[in-house]
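Within every chain, numbering begins at 1; the chains are lettered A, B, ... in the order of the sequence lines, protein sequences first and strands thereafter.
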Protein chains: 2
Amino acid sequence: MVGESSRIAGPDGLRADARRNRGRILVAARAVFAEHGIDAPMATVARRAGVGVATLYRRFPTRDALVRAAFAQQMETCDRTLTEALADPDPWRGFQRLVETICELQREERGFPAAFVAAFPDSAVEQTRVRKRAERDLLTLVRRAQEAGALRADFHPSDLAVALLSHCGLVTALPHDRAASRRLVAYLLQSFRAEAAHGALPPPSALLLRSLPLAADSSPRQRPSRA
Amino acid sequence: MVGESSRIAGPDGLRADARRNRGRILVAARAVFAEHGIDAPMATVARRAGVGVATLYRRFPTRDALVRAAFAQQMETCDRTLTEALADPDPWRGFQRLVETICELQREERGFPAAFVAAFPDSAVEQTRVRKRAERDLLTLVRRAQEAGALRADFHPSDLAVALLSHCGLVTALPHDRAASRRLVAYLLQSFRAEAAHGALPPPSALLLRSLPLAADSSPRQRPSRA
DNA sequence: GCCTAAACGGACGATGTCGTCCGTTTCACA
DNA sequence: TGTGAAACGGACGACATCGTCCGTTTAGGC
């Protein structure tokens, strides 16, 4: 029901006051989610934003939509970081910075970890263009770092998801403990180095492999049928 | 208000039917928590156990009490595993088995990770005897493994908490993905090996250090004053 | 078998959150 | 400055969960 270019239309089709309120809501959402967790009442967000509940629901029909929009900026930062990592002439340094930056984002922007985890299963379903590109970039980054002899050969791209999700869990459990977060990141990065490869690793996650089809699959995407 | 040995008294002061129901509740709680998470309605647990809500509340006045009781067995397994690890002539093997066993418990007994994390901040406050002994044992295990040259010298006992909490987070995010869990454990254990120590690590968590006073402090316990 | 204290379970009021409805206000173009 | 569509916000009914109250049932010593 998009009015076919009626009288008023901002750059995004919103009236000025509506756009202003939308921004306020997003700021309030981040603050409230950071303080009370991602399950905080919608009314709390609305009150904080100085807006009625109806306005909030009009812009973001579901909590999920609000969460996604609130942390879209952080998600974009992740994406940009990947691009920068790929541009780094030293692939290991790029990889290292990627992990450190994303984890730092998770550590500093409270509420983001929950959003990150929540977005995970769903974002595997929605095959956006940006996501597919990110997957391809990650694959390239990993391969380069391995070819440079810095990243261990048995590292699998899904291991990055393992690292980030476990780090999410840590900062969720200990939101104020930056040192613990840094320690985990340091340990993980060291264990990803080629020199750290001593014993054999158990096989990589098949589930993550499926949800993020990182392997260069030439077959057309097949909708997995639920039993 | 324990009746001074009135007419009826089981070994634990409960009547036979009460004890039976208590057991049913605990079984049901584990099942429900595994299926619907630790925040599942109390009524669901009661229904599953085939008892009324009142009975449930009579035995376990708070959800927290129920959670603790439901996973007390798992907690005890953790404790026993530590004792066994300490008894192992090879301290590294003991350490490794400790980590692997606890993580396996977290992985297989769904609902336990949430209980584990939930218990963390509180159990640091309640200074039970078993807990203090566990801390001392852990300290001993770590020192021995380090003296044997297997565990890296800059490993800090609080790093075990970091590892277990992050693993909790991973299995919470991906409850069905055993492979991911195993991968993380393998990476972490490799990074704890002395050979993996390459760069310097950031300082260990001061918060965890305080909540679990693992360092052999001879000073009397001092109540940390909140500002 | 009797009897009483203990255990039981369902009903119920309180609380909090959700998401919608609808009368009012505001924007922005003419 | 007038006008109508868009945006606004608070009120409200629906719904779920909590934790207690109280009448009923049952265990188990005598």
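- Using a 4.0 Å heavy-atom distance criterion, A:Arg47 is classed as making no nucleic acid contact.
- Rounded to a whole Å, the CG atom of B:Leu56 is 14 Å from the C1' atom of C:dA7.
- Using a 4.0 Å heavy-atom criterion, one finds that B:Arg20 contacts no nucleic acid atom at all.
- Among residue pairs with one or both ends in residues 55-86 of chain B, those qualifying as ring pair (Phe, Tyr, Trp, His ring centres under 6.0 Å) are B:Phe71-B:Phe112; sequence neighbours excluded.
- Between A:Asp17 atom CG and C:dT26 atom P the separation is 10 Å, expressed in whole Å.
- Each of A:Thr172, A:Leu105, A:Leu164 was checked for a side-chain contact (heavy atoms from CB on, under 4.5 Å) with A:Phe116, and the lone residue meeting it is A:Leu164.
- Of the side-chain N and O atoms in A:Thr55, none sit less than 4.0 angstrom from OP1 or OP2 of D:dA7.
- Scanning both residues, A:Ala43 and A:Val53, for their nearest heavy atoms gives CA-CG1, 4.1 Å.
- You won't find any donor-acceptor pair under 3.5 Å spanning the side chain of B:Arg15 and the base of C:dA7, going by distance alone.
- In terms of the side-chain hydrogen bond (donor to acceptor under 3.5 Å, both in side chains) criterion, residue partners of B:Arg178 (sequence neighbours excluded) are, by chain and number, B:Glu108.
- Note: A:Arg183 CZ to A:Leu170 CG = 12.5 Å, rounded to the nearest 0.5 Å.
- Sorted by first then second residue, the salt bridge (Lys or Arg N to Asp or Glu O under 4.0 Å) pairs that include residues 46-58 of chain B, not counting sequence neighbours, are B:Glu35-B:Arg48.
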remark   = In 5'-to-3' order, the base (B), backbone-only (S) or no-contact (-) status of each nucleotide in nucleotides 12-23 of chain D, using a 4.0 angstrom heavy-atom cut-off, is -----SSBBB--
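- The phosphate of C:dA7 has neither OP1 nor OP2 within less than 4.0 Å of any side-chain N or O from B:Asn21.
- Atom CZ of B:Arg19 is separated from atom P of D:dT26 by 19 Å (rounded to the nearest Å).
- When each of C:dA7, C:dC27, D:dA7 is scored by its nearest atom to the side-chain atoms of A:Arg59, the top-ranked nucleotide is D:dA7.
- Heavy-atom minimum distance, A:Leu141 versus A:Ala85: CD1-O, 3.8 Å.
- Scanning residues 22-31 of chain B for heavy-atom distances under 4.0 Å to DNA chain D yields an empty list.
- Counting to the nearest Å, the P atom of C:dC18 and the CZ atom of A:Phe60 are 16 Å from each other.
- A:Asn21 pairs by the side-chain hydrogen bond (donor to acceptor under 3.5 Å, both in side chains) definition with nothing, not counting sequence neighbours.
- Taking the centre of each ring, A:Phe95 and A:Phe155 come in below the 6.0 Å mark.
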